[in-house]
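The chains referred to below are lettered A, B, ... by the order of the sequence lines, with proteins before strands, and numbering in each begins at 1.
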Number of protein chains: 2
Amino acid sequence: MDRTVGGSSGTIRYVTSDQPQLADCRARLAFDLLANTWNAVLIWALRHGPCRPGELRGRIGGISPKVLTETLRRLEFNGLVTRRAYVESPPRVEYELTPLGATLLGPIDAFGAWAFEHGDEVMAAQEEHEAP
Amino acid sequence: MDRTVGGSSGTIRYVTSDQPQLADCRARLAFDLLANTWNAVLIWALRHGPCRPGELRGRIGGISPKVLTETLRRLEFNGLVTRRAYVESPPRVEYELTPLGATLLGPIDAFGAWAFEHGDEVMAAQEEHEAP
DNA sequence: CAGAATCCTTTACGATACTG
DNA sequence: CAGTATCGTAAAGGATTCTG
């Protein structure tokens with residue numbers, strides 16, 4: 001197997017243009033971390049402490065086992081999550097936010113709060129553009 | 001043309017599972033808005049006021065004209081940005097954050113600040129996992 | 001200059017089945 | 001139960017060219 005870990009919010013690729021601007025700015029790093037469907041959702045789902053994959057799937061809903069593993073591996077790769085495997089049968093695994101990962105909860109919460117406050121407006125705008 | 005506006009952070013699709021959890025939670029709406037490479041970057045790039053596409057491309061760097069247009073259209077569709085076209089030659093167009101879009105600047109700033117503070121740690125983790 | 005039209009490559013994500 | 005292996009689809013994003 002190839003174990004590709006690049007791509008979506010795996011390795012951050014800085015676009016190297018001639019002029020130094022937002023492209024290679026630090027902010028891009030954070031944006032790239034969220035630039036996929038599940039990264040933020042999983043961090044959010046782990047906010048209360050260690051959690052097993054099955055439990056995560058139950059909490060989140062709509063994520064396939066494959067994508068769940070991929071995403072958790074990405075987060076681990078970026079130092080946001082740790083994986084702990086207990087040698088038992090049936091197997092037991094727990095994922096947990098690292099201290100670094102936990103620091104992301106603040107900004108993520110900000111978005112949660114934003115959605116709670118402004119979600120209606122976004123949906124209204126969408127419907128407006130669908131039925132003009 | 002088909003003018004597809006669904007997909008990445010266009011229309012928010014709520015995963016309808018049996019149990020109501022994070023999947024159909026409001027937070028997903030905000031996460032989906034950021035779940036692509038350029039949405040957040042563009043909002044960020046528009047934070048100081050109206051801006052023309054060419055200027056945006058210059059500020060951001062590494063975005064193709066096609067993707068720039070697509071992304072701005074998505075933001076417009078979601079009510080976060082307005083497009084104003086002046087009837088002139090050569091053509092002039094300006095994009096501007098809506099009041100709603102501007103409310104996203106707070107959360108986005110939070111991520112910018114986070115990146116400024118913790119970006120090194122992420123990059124360190126990445127390198128560590130690349131060269132063990 | 002804005003942006004539409006094409007073409008192309010990558011990959012994210014899903015469904016499913018299988019292994020230890 | 002955790003995770004991998006496959007297969008398949010959709011779409012994101014890039015490069016390029018063309019037009020008003």
What is the distance from [atom1] of [X] to [atom2] of [N], rounded to the nearest Å?
X	N	atom1	atom2	result
B:E76	C:dA2	CD	C1'	14 Å
A:L42	C:dC13	CG	P	11 Å
B:D32	C:dA12	CG	P	16 Å
A:N36	D:dA12	CG	C1'	13 Å
A:R73	C:dC13	CZ	C1'	17 Å
A:E70	D:dC7	CD	P	16 Å
B:E88	D:dG20	CD	P	19 Å
A:L68	C:dG14	CG	P	11 Å

Would you call B:E70 and B:R74 a salt bridge, using N to O less than 4.0 angstrom?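 The answer is no: the pair does not qualify as a salt bridge.
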Of all residues at least two apart in sequence or in a different chain, which pass the side-chain contact (heavy atoms from CB on, under 4.5 Å) check with A:E117?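 Expected list: none.
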Considering just the side-chain nitrogens and oxygens of [X], establish if one lies under 4.0 Å of OP1 or OP2 belonging to [N].
X	N	value
A:R52	D:dA2	yes
A:S64	C:dA15	no
A:R74	C:dC13	yes
A:R92	C:dG20	no

Closest to the [X] side chain, choosing from [options]:
X	options	result
B:W38	C:dA4, D:dT4, D:dG13	D:dG13
B:V67	C:dC13, D:dG13, D:dC1	D:dG13
B:K66	D:dT4, C:dG14, D:dG14	D:dG14
B:P65	D:dA2, C:dA15, D:dT16	D:dT16

Which part of the nucleic acid does B:P53 contact within heavy-atom distance under 4.0 Å: base, sugar-phosphate only, or nothing?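 Sugar-phosphate contact only - B:P53 comes under 4.0 Å of backbone atoms but never of a base.
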Considering every strand and a 4.0 Å limit on heavy-atom distances, what is the contact class for A:Y86: base, sugar-phosphate, or nothing?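 Contact class for A:Y86: none.
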Would you say A:H129's side chain and B:E76's backbone share a donor-acceptor pair under 3.5 angstrom?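 Judged by distance alone, yes, a pair lies under 3.5 Å.
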Name of the residue among B:R52, B:R59, B:R57 meeting salt bridge (Lys or Arg N to Asp or Glu O under 4.0 Å) with B:E55: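 Of the listed residues B:R52, B:R59, B:R57, the salt bridge (Lys or Arg N to Asp or Glu O under 4.0 Å) partner of B:E55 is B:R59.
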Using the ring of each side chain (for Trp, its six-membered ring), is B:W44 parallel, tilted or perpendicular to A:F31, with breaks at 30° and 60°?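 Rings of B:W44 and A:F31: perpendicular, over 60°.
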